Amino acid sequence: MILIQHILADARKRLAVLSREALIAEAAEILSNPDTPLVVVCDGQGIAVGVISKSDIMKALARARADAVKMNTGAIMTSPVLSCRVDQTLQRVWESMNSRSLRSVPILDDSGRPQGVAHARDLARTLLDEVTEEEGLLRDYVMGVGYQ
């Protein structure tokens, strides 16, 4: 049973935070980096209140057209936030993300402050590595390797 804590170092590299007042152009600039799939929107105390993805920006542009450049992140963010904590299992987070077709979710601490962004790719890779390792151990056990 592997915890989110296991992927936290990579998840921290992906973390991008903006205030509700930031313009969506700032979010778009951040999201133009392929390594940043999500912007976490926080209140004045640093508590996550929403997230913005590329699709949120596209929807805002489609609806508001030229007026979208004047909009702030608080107006287009997705809220409430599906998130996870470092003490949750990767399997549980993977299932939650898949049930909602999400590619990434913020990792929050107990007070709701963002710690990183978990990406489905990292979860899948780590879960696959765990299965591969278990398969190897089982094969070695059945073959008697290391028990002679």
Side-chain angles (χ1 to χ4, degrees), residues 1-62 71-148:
M1 184 167 47
I2 300 176
L3 302 178
I4 289 292
Q5 178 72 39
H6 186 79
I7 63 161
L8 191 58
D10 287 335
R12 286 184 197 275
K13 295 174 189 172
R14 257 184 241 106
L15 181 61
V17 176
L18 288 175
S19 71
R20 288 181 190 174
E21 294 78 27
L23 294 175
I24 67 167
E26 293 176 65
E29 183 178 353
I30 291 168
L31 292 171
S32 69
N33 178 347
D35 296 326
T36 310
L38 200 65
V39 174
V40 182
V41 180
C42 293
D43 65 14
Q45 287 76 44
I47 308 295
V49 294
V51 293
I52 296 177
S53 67
K54 289 177 186 175
S55 63
D56 293 319
I57 291 175
M58 296 301 287
K59 288 175 192 173
L61 287 169
M71 297 174 75
N72 61 32
T73 57
I76 69 162
M77 69 183 182
T78 299
S79 183
V81 179
L82 174 68
S83 63
C84 63
R85 305 227 187 282
V86 293
D87 59 350
Q88 286 182 285
T89 65
L90 288 173
Q91 184 67 38
R92 181 174 172 205
V93 175
W94 174 259
E95 290 167 1
S96 294
M97 289 173 68
N98 276 334
S99 71
R100 296 187 176 144
S101 299
L102 298 174
R103 290 185 322 142
S104 53
V105 295
I107 302 169
L108 305 179
D109 67 13
D110 291 336
S111 62
R113 288 182 173 78
Q115 303 299 302
V117 174
H119 196 282
R121 179 182 53 240
D122 294 336
L123 278 81
R125 185 180 313 125
T126 304
L127 289 168
L128 183 59
D129 288 349
E130 179 184 31
V131 169
T132 303
E133 183 180 334
E134 287 176 2
E135 179 184 309
L137 290 172
L138 182 58
R139 184 181 52 249
D140 289 349
Y141 176 75
V142 170
M143 301 296 287
V145 175
Y147 295 102
Q148 298 176 7

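Owing to the predicted nature of the structure, the values given are computational and were not obtained by experimental measurement.
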Pairs satisfying salt bridge (Lys or Arg N to Asp or Glu O under 4.0 Å), at least one member in residues 116-125, at least two apart = R14-D122, D122-R125
Identify the two heavy atoms, one from [X] and one from [Y], that lie closest to each other, and give their separation to 0.1 Å.
| X | Y | result |
| --- | --- | --- |
| L90 | L123 | O-CD2, 3.6 Å |
| G50 | M77 | CA-SD, 3.7 Å |
| D56 | V51 | OD2-O, 3.6 Å |
| R113 | G46 | CG-O, 3.3 Å |
| I30 | A16 | CG2-CB, 3.5 Å |
| A27 | V39 | O-CG2, 4.2 Å |

Taking atom [atom1] of [X] and atom [atom2] of [Y], what is their separation to the nearest 0.5 Å?
| X | Y | atom1 | atom2 | result |
| --- | --- | --- | --- | --- |
| E29 | I57 | CD | CD1 | 10.5 Å |
| L31 | L38 | CG | CG | 7.5 Å |
| T126 | L3 | OG1 | CG | 11.5 Å |
| N72 | S19 | CG | OG | 8.0 Å |

inquiry  = Is there a side chain to side chain contact (heavy atoms under 4.5 Å, CB included) between E26 and T73? Walk through the geometry before answering.
reply    = CA-CA 9 Å; E26 293 176 65; T73 57; over 6 Å; no
Is there a side-chain contact between [X] and [Y] (heavy atoms, below 4.5 Å)?
| X | Y | answer |
| --- | --- | --- |
| C42 | I47 | no |
| S53 | T78 | no |
| H119 | R103 | yes |
| I2 | L127 | no |
| D43 | R20 | yes |

task = Using modelled atom types only, decide if a donor and an acceptor are shared between the side chain of S83 and the backbone of P106 within a distance under 3.5 Å.
result = no
task = Please test K13 against D35 for side chain to side chain contact (heavy atoms under 4.5 Å, CB included), starting from the C-alpha separation and ending with a verdict.
result = CA-CA 8 Å; K13 295 174 189 172; D35 296 326; over 6 Å; no
A quick test of your reading: do over 12 heavy atoms of other residues, nucleotides or ligands sit less than 6.0 Å from [atom1] of [X]?
| X | atom1 | value |
| --- | --- | --- |
| R92 | CZ | no |
| D110 | CG | no |
| Q91 | CD | yes |

task = Start with the C-alpha gap between V86 and I107, add the side-chain angles, then the distance that decides, and say whether side chain to side chain contact (heavy atoms under 4.5 Å, CB included) holds.
result = CA-CA 7 Å; V86 293; I107 302 169; 3.8 Å; yes
note = side chain to side chain donor-acceptor pair (under 3.5 Å) filter on D109, not counting sequence neighbours, yields S111, Q115
